[in-house]
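Here's the structure, in structure tokens; my notes come after.
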Amino acid sequence: MRKIATAATLAAGVAALAACAAMQSTPRDRALALMQRDFHAEGIAGMDRLKEDAVQAACNKYDDKPPADVAARLQKEQAATLKFPTDGKLLGNWKSGEKIAQRGRGMTWRDKPHKTSRGEPNGGGCYNCHQIGPDTTSFGTIGPSLYNFGKLRGYGRDIQRYAYAKIYNAKAYSACSQMPRFGHIDALTEDQIKDLVALLMDPKSPVNR
Amino acid sequence: MHYTRRSVLKGVWAVGALASAVTAGLLSPARALAAWNKDAFGAKSAIDAMRALGVANAEDTKAIEIRAPEIAENGAVVPIDITSNIPSTTAISVFIEKNPFPYVGTFDFSQGAMPYVHLRVKIGESSPVRVVVAAGGKHYTTAKEVKVTIGGCGG
Amino acid sequence: MRRALMLSLAAAIAAAAPWSPAKAQTEDPVAADFDKFRAIMEQANPAELFEVKGEQLWKTPRGPKKTSLEKCDLGLGPGVVKGAYAQMPRYFADVDRVMDAEARIVHCMITLQGFKYEDLAKRPFSSATKTPDPVSITTYVAAQSAGMKLAPSQSHPKEKEAYETGKAIFFYRAGAYDFSCASCHGVDNQRIRTQPLPNFTKPEQAIRAVQGWPGYRMTGGVMHTLQWRLNDCFRQQRFPEPDYASETLSALLTYLTANAQGQEYKGLGIKR
Amino acid sequence: MPDPMKIRATVQGDVADVRVLMAHPMETGQRKQGGKVVPLHFIQSITAQLNGKTVFRADISQAISRNPVFAFKVKGAKAGDKITVTWKDNKGESRTDETTVRGGS
């Protein structure tokens, strides 16, 4: 339902807000009240997305630097959400992984569950933040470079599991990481995460050549 | 809209423009009367377009300056500045070699117009931008590569 | 047990960190080249076509009440356009709230001309085939502040309050991806793909939140304002959608603009 | 009726720098909207005159960007001269606008 703010309702809203402000005077409280009033659900992005979960609440409260005990507790809770593939395989196809890493769409207003508005599978948007393969120079720098990921760390199963888990839920390692929890929020499927692990870990992947 | 009146007016404009350009001796009658060159604009390769325009014999030169980005921020709008340093330049033609229809257009200069043009074009993929200059009855050419990057965050 | 092992392994990997993050340099040659050609294009900016249209719309009697916007008070008195954009968002006593330029224009279209918010908010952003009137009008209004210093008023208590509220909105992490505005715009020297991400918490970079808007966007060849820019940020943040011209957006714009206080607004821009 | 052009002509010495902005979709015939292809629609020819004499003429394709921008220079111009620009598109629509050459700074 779209909330319409006509001049009249705006005025009413302002009055209500003024009343609110008297009771709850912190900027955060005002911000939350305003956003609650001024946002509307659009497609798959419901109003529930404005509510913080435990991780978001702690990161907001501690300005992304929670005390060590809080961080440890959160990381433990997040690690408990990790689901590894039931077939035991962690390496998919690095070529598909490259496509998932290149694409950034999905999870917003006109997209569908697991699919973008164009009918493609969701992207991971990995290149938005990370250097990955050697041929893509238009990579972002918000996250560390993942070039030579396997080559530098070895190709063992423990590292494969680490890569899988990190993509599935980065908050299991760093409570206030800026990286989305792609598996946890069901943005990427198990097979897609396997393909991304292959992109990082397959010795034949351009990432490691 | 007064359809007939409009089309008559347009007709007058077209004839008037052509007549004045031809009488001024600035455009060869052949080029002026050829109007919009369907064959050249419909050609799928730069060389076919150049043949259709009769400029395929253009010789290489360093006397044409093409100012365009090495890497275009957005292929939908690529700014290009072209200056010809060849005396008696009368026209500049532009081709984006890798576009599905490479021929972008021809710019004619007369009555004091300097052999310079700024234009903004769509470039589908990284491609040479080829320029052909008509001067003193001959044709000269040069090219500059423009790279087109992939899009941004794509959210 | 296995999880514990894995986690400690991860810690070891992180600590060893044999890679160094590829930081975007301020003298990134690609970004410098983009800036250079954008500056060339701004000398003849298609945005001016929308400024011309916006001026016409401002001066023409329109809407159910058949009045022009020449009595619209943008904060400097009824009808004063010159310099008004550079001094917004600001507090308006008639609505007892802070409004940004486009919110104020929409307010004038509703109160003076009799347009309905519902109609204006239905399709508030430009498409290949249509540029909404408030977009053209905002473009016209903004262009009349080109070359002026940004001076959003921060003297009224509600203006200070809007700043603090906007700041809290800026840092609020939520949504499917756990993003806040600060995820992309709270750190120095980052870029997404090839696009530099200015740090809006710093005065000298905050100007880049406002600079170049309203802007002609090369993608699609359409005119967009800050209302669109913020709407699209929230979309990419995977939030629900903010209401057009809402107080939330005015508060956020107050925070961003006041951080850029005193810097020169150069007028209409060209955007990727 | 097509939207007006914006023409700016400034003279430096005796050279007029002319910049023309045109409001036109320049549809390539490849873009889809609502599942349907938007038909080819683009400016085909442009003529510019200085005090009635043709100085600049162009035949162009759909590869010119949406809302086209052109700049050219004319020697022998002075403040107060008239610059007239006309475009005509493949659907037969046309638009003519005029401006006065201004003195440079």
Side-chain angles (χ1 to χ4, degrees), chain B residues 1 3 6-7 9-10 13-14 16-22 24 26-27 31-32 34-38 40-42 49 53 74-79 81 83 91-96 99-124, chain D residues 1 13-22 26-31 40 42-78 81 83-96:
Chain B
M1 270 293 140
Y3 180 74
R6 261 169 66 88
S7 50
L9 280 178
K10 268 187 313 213
W13 168 75
L18 283 177
S20 62
V22 174
L26 302 158
L27 304 171
R31 158 123 176 86
W36 197 79
N37 191 324
K38 235 180 169 159
F41 282 111
L53 290 165
N74 191 323
V77 190
V78 182
D81 270 9
T83 305
I92 289 175
S93 298
V94 183
F95 307 82
I96 310 300
N99 271 7
F101 300 102
Y103 179 39
V104 173
T106 296
F107 304 89
D108 295 310
F109 311 96
S110 50
Q111 308 256 31
M114 297 166 82
Y116 157 85
V117 66
H118 169 89
L119 64 155
R120 296 175 194 178
V121 300
K122 298 167 192 150
I123 302 186
Chain D
M1 171 93 163
D14 71 336
V15 177
D17 179 14
V18 185
R19 290 171 195 182
V20 190
L21 300 160
M22 303 169 181
M26 299 300 284
E27 292 290 352
T28 58
Q30 321 250 317
R31 196 175 65 85
L40 198 59
F42 65 104
I43 293 174
Q44 283 189 311
S45 55
I46 300 160
T47 304
Q49 298 182 319
L50 175 72
N51 298 331
K53 298 176 305 185
T54 297
V55 288
F56 177 86
R57 221 196 76 81
D59 279 350
I60 57 169
S61 80
Q62 65 273 24
I64 294 292
S65 305
R66 187 178 161 86
N67 294 321
V69 178
F70 294 99
F72 56 91
K73 291 173 179 164
V74 190
K75 218 171 153 54
K78 57 186 185 309
D81 283 354
I83 294 273
T84 313
V85 180
T86 299
W87 61 250
K88 202 175 133 197
D89 72 18
N90 67 322
K91 290 188 178 171
E93 276 198 301
S94 70
R95 168 97 211 175
T96 299

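Residue numbers start from 1 in every chain, and the chains themselves are labelled A, B, ... in the order their sequence lines are given, proteins ahead of strands.
No part of D/R19 comes within reach of chain B, as not one of its non-hydrogen atoms sits under 4.5 angstrom from that chain. With a threshold of 4.5 angstrom between heavy atoms, B/F41 approaches chain D through side-chain atoms but not through N, CA, C or O.
Residues B/M114 and D/V15 approach most closely at SD-CG1, 3.6 Å, considering heavy atoms. In this structure, D/T28 and B/K122 approach most closely via the heavy-atom pair CG2-NZ, 3.3 Å. Nearest heavy-atom pair, D/A58 versus B/F107, reported as atom, atom and distance to 0.1 Å: CB-CD2, 3.4 Å.
Qualifying ring pair (Phe, Tyr, Trp, His ring centres under 6.0 Å) partners for D/F42, counting only residues two or more places apart in sequence or in other chains: B/W36.
Taking B/A113, B/S93, B/G105 one by one and counting their heavy-atom pairs under 4.5 Å with chain D, the maximum is reached by B/A113. Counting heavy-atom pairs closer than 4.5 Å to chain D, the top-ranked of the candidates B/I96, B/V94, B/L119, B/V78 is B/L119. Ranking D/Q44, D/Q62, D/K75 against chain B, the residue ahead of the rest is D/Q44, based on heavy-atom pairs under 4.5 Å.
Between D/D59 and B/N37, the closest side-chain pair of non-hydrogen atoms is not below 4.5 Å.
D/F56 CZ to B/F109 CZ: the interatomic distance, rounded to the nearest 0.5 Å, is 6.0 Å. To the nearest 0.5 angstrom, B/H118 atom NE2 is 11.0 Å from D/K73 atom NZ.
Under the 3.5 Å distance criterion, the side-chain polar atoms of D/S65 are matched with a main-chain donor or acceptor of B/R120.
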